[in-house]
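Chain A is the first sequence line, chain B the second, and so forth, proteins listed ahead of strands; every chain is numbered from 1. Worth saying up front: this structure is predicted, and the values here are computed from it rather than measured. Every heavy atom of this structure was used, including side-chain atoms; hydrogens, water molecules and symmetry mates were not.
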Amino acid sequence: MEGASYARMPRVKIRELKDDYMKFELRDTDASVANALRRVMISEVPTIAIDLVEIEVNSSVLNDEFIAHRLGLIPLTSERAMAMRFSRDCDACDGDGQCEYCSVEFHLRVKCITDQTLDVTSKDLYSSDHTVVPVDFSADPSSLESSDGRGIIIVKLRRGQELRLRAIARKGIGKDHAKWSPAATVTFMYEPDIHINEDLMESLTLEEKREWVDSSPTRVFDIDPVTQQVMVVDPEAYSYDDEVIKKAEAMGKPGLVEITAKQDSFIFTVESTGAVKASQLLLNAIEILKQKLDAVRLSEDTVEADDQFGELGAHMRGG
Amino acid sequence: MNAPDRYERFVVPEGTKKVSYERDTKIINAASFTIEREDHTIANILRMQLHRDPNVLFAGYKLPHPLQYKIIVRIHTASQSSPMQAYNQSINDLDKELDQLKNGFEAELLKFSKDY
Ligand SMILES: [Zn+2]
């Protein structure tokens with residue numbers, strides 16, 4: 001029997017879009033969905049990261065595991081990750097997780113032969129797959145990162161020191177290890193609904209208005225230079241700190257302003273590590289969440305077992 | 001040394017069912033769903049979606065222990081429905097909502113990249 005649908009029709013509006021940054025509005029849904037999206041973006045959207053390092057030569061000042069850890073934290077372009085296999089599910093390689101379906105091989109060979117200190121960076125990593133390479137922040141001029149074009153520094157070498165290694169990158173999720181998280185930050189806030197009691201506001205002198213406006217730690221309100229009326233200039237700057245409400249009470253004007261959080265409107269900020277584009281990160285999160293929901297559907301045998309139980313129960317009840 | 005493997009948090013062990021269903025022995029139309037290797041992400045959206053169903057009298061979830069990687073969703077419905085029906089319905093509705101969100105976002109993305 002198919003029941004009525006209680007599905008909602010959420011709306012999205014993009015405000016700002018860069019490769020590694022996105023701000024958007026999500027409306028007509030509730031906090032559980034907003035939070036699920038946030039949680040999935042941070043810890044369940046897969047990326048590719050270095051997971052195994054075989055060091056051939058390391059005469060640098062950093063020990064082997066220190067370097068291996070640093071390599072793991074380098075974001076790799078991971079558009080492929082959604083279609084890739086997890087090594088633990090891969091049947092093409094028997095458990096060693098080193099085949100083309102579930103891994104990407106990297107090589108690094110650097111030796112310093114001058115008196116000048118040599119920086120070993122992510123640019124020295126050579127990938128066996130041109131689609132999976134260390135993220136290059138200098139390629140995108142709108143990127144949040146500084147674009148000095150030098151890559152991510154791994155270690156510095158002095159004359160005679162050498163680093164030679166082979167690394168295997170695998171698909172993983174942030175829940176396993178933070179190195180696989182595609183998100184630098186994902187946050188959402190409730191959209192505030194701000195109502196100024198105009199009558200009460202007009203009972204204040206300009207001096208008092210100025211004092212009240214300045215009591216907000218963030219610039220939410222301002223005074224119109226012409227009409228001298230208090231106006232809301234940036235509702236989203238409000239951080240639910242209650243300062244203006246306390247101030248109004250202290251001034252003997254409770255109810256001067258009423259601020260509530262809209263329960264069905266959210267403003268999201270997504271910052272990507274560069275492993276996947278911020279916009280793709282949201283699309284992947286939706287896809288992963290759908291897959292997770294699909295995985296928690298009841299299996300046929302569970303339903304059948306209960307049907308039998310139901311008949312048995314009805315029989316026992318004398319039905 | 002004896003730390004459990006990290007993947008134990010999200011890989012269902014072999015021979016274990018992802019979702020098991022247990023009727024309440026005392027109350028009709030009440031049941032618990034034990035979902036292995038899931039957390040607040042799934043549990044909370046299911047709970048909130050179940051609350052939108054007027055036939056659902058009670059829907060709640062618990063994460064019994066942070067080191068037991070499972071959640072228990074308990075549903076009690078009116079006689080017109082059943083916990084299983086409400087559970088399936090909530091998954092279908094959430095799936096529909098996510099489809100809508102995906103389409104909406106893709107359209108917005110297209111519009112946005114054209115406009116700017
Ligand atoms: Zn493999």
Side-chain angles (χ1 to χ4, degrees), chain A residues 1-17 22 24 26 28-33 35-40 43-44 86 88-89 172-173 175-177 279-280 282-283 285-290 292-299 301-303 305-307 309-310 313 317, chain B residues 6-7 9-12 17-21 23 28 31 33 35-55 71 73 80-82 84-102 104-109 111-113 116:
Chain A
M1 193 175 84
E2 193 60 41
S5 175
Y6 309 111
R8 279 168 298 223
M9 296 297 232
R11 288 179 292 133
V12 251
K13 185 173 179 290
I14 300 174
R15 282 199 187 162
E16 239 183 299
L17 185 65
M22 174 168 66
F24 67 96
L26 177 65
D28 298 342
T29 188
D30 74 353
S32 71
V33 171
N35 197 40
L37 285 173
R38 183 191 65 85
R39 285 173 65 99
V40 170
S43 68
E44 298 196 60
F86 285 109
R88 69 177 116 73
D89 300 331
I173 59 172
K175 226 180 188 181
D176 189 345
H177 190 291
S279 55
Q280 192 61 44
L282 178 66
L283 287 169
I286 296 171
E287 191 54 42
I288 295 287
L289 200 50
K290 275 168 67 73
K292 282 170 74 72
L293 279 168
D294 206 45
V296 301
R297 283 178 195 278
L298 289 163
S299 57
D301 56 323
T302 309
V303 179
D306 186 61
D307 283 346
F309 180 91
R317 284 193 296 269
Chain B
R6 289 195 307 255
Y7 65 77
R9 288 177 22 173
F10 48 87
V11 178
V12 182
K17 273 177 101 168
K18 178 80 180 172
V19 190
S20 48
Y21 166 91
R23 279 191 190 218
I28 53 160
F33 298 79
I35 309 172
E36 282 293 337
R37 312 293 129 141
E38 290 296 345
D39 59 18
H40 299 284
T41 306
I42 284 292
N44 198 36
I45 49 170
L46 279 180
R47 175 181 74 112
M48 294 312 284
Q49 187 63 41
L50 284 160
H51 288 171
R52 291 176 59 79
D53 185 340
N55 286 322
I71 49 167
V73 180
Q80 300 95 296
S81 186
S82 72
M84 231 183 226
Q85 194 186 324
Y87 180 84
N88 292 334
Q89 177 79 51
S90 70
I91 293 174
N92 291 339
D93 288 345
L94 281 168
D95 197 58
K96 224 182 266 177
E97 173 169 348
L98 289 173
D99 276 334
Q100 154 82 15
L101 188 62
K102 183 168 176 265
F105 183 72
E106 277 172 344
E108 179 71 9
L109 209 55
K111 199 175 110 214
F112 201 85
S113 42
Y116 299 89

With sequence neighbours left out, the residues meeting ring-ring contact (aromatic ring centres under 6.0 Å, His included) with A:His177 are none
Looking only at A:Ala31, A:Gly172, A:Ala36, the option with the highest number of non-hydrogen pairs under 4.5 Å against chain B is A:Ala36
Tested for side-chain contact (heavy atoms from CB on, under 4.5 Å) against A:Tyr6, the lone hit among B:Asp53, B:Leu94, B:Leu50 is B:Asp53
Turns out that what part of A:Ser299 lies under 4.5 Å from chain B's heavy atoms comes down to side chain
Applying a strict 4.5 Å limit to non-hydrogen atoms, the region of A:Arg88 in contact with chain B is side chain
Can you tell me if A:Lys292 has over 12 outside heavy atoms packed within less than 6.0 Å of its NZ? yes
Under 4.5 Å to a heavy atom of chain A? For B:Lys18 that would be side chain
Subject >> B:Gln100 (side chain) donor-acceptor with A:Pro10 (main chain) under 3.5 angstrom >> reply: yes
Bottom line for B:Val11: the part with an atom under 4.5 Å from chain A's heavy atoms is side chain
Between A:Arg39 and B:Asn44, a side-chain donor and acceptor under 3.5 Å: no
Discussion item. With a 4.0 Å cut-off on N to O distance, would you call A:Arg8 and B:Asp93 a salt bridge?
Written reply: no
- Message: Strictly below 4.0 Å, N to O, side chains only: are A:Lys175 and B:Asp39 in salt-bridge contact?
- Response: yes
Sequence neighbours excluded, the answer for ring-ring contact (aromatic ring centres under 6.0 Å, His included) partners of B:Phe105 is none
Among A:Leu293, A:Thr29, A:Asn35, the residue with the most heavy-atom pairs under 4.5 Å to chain B is A:Leu293
Under 4.5 Å to a heavy atom of chain A? For B:Leu101 that would be both
Practice problem: Would you sort out whether B:Met84 and A:Leu298 count as a side-chain contact (heavy atoms from CB on, under 4.5 Å), showing the intermediate values? | Solution: CA-CA 8 Å; B:Met84 231 183 226; A:Leu298 289 163; 3.2 Å; yes
Separation between CZ (A:Phe86) and CZ (B:Phe10), nearest 0.5 Å, reads 7.0 Å
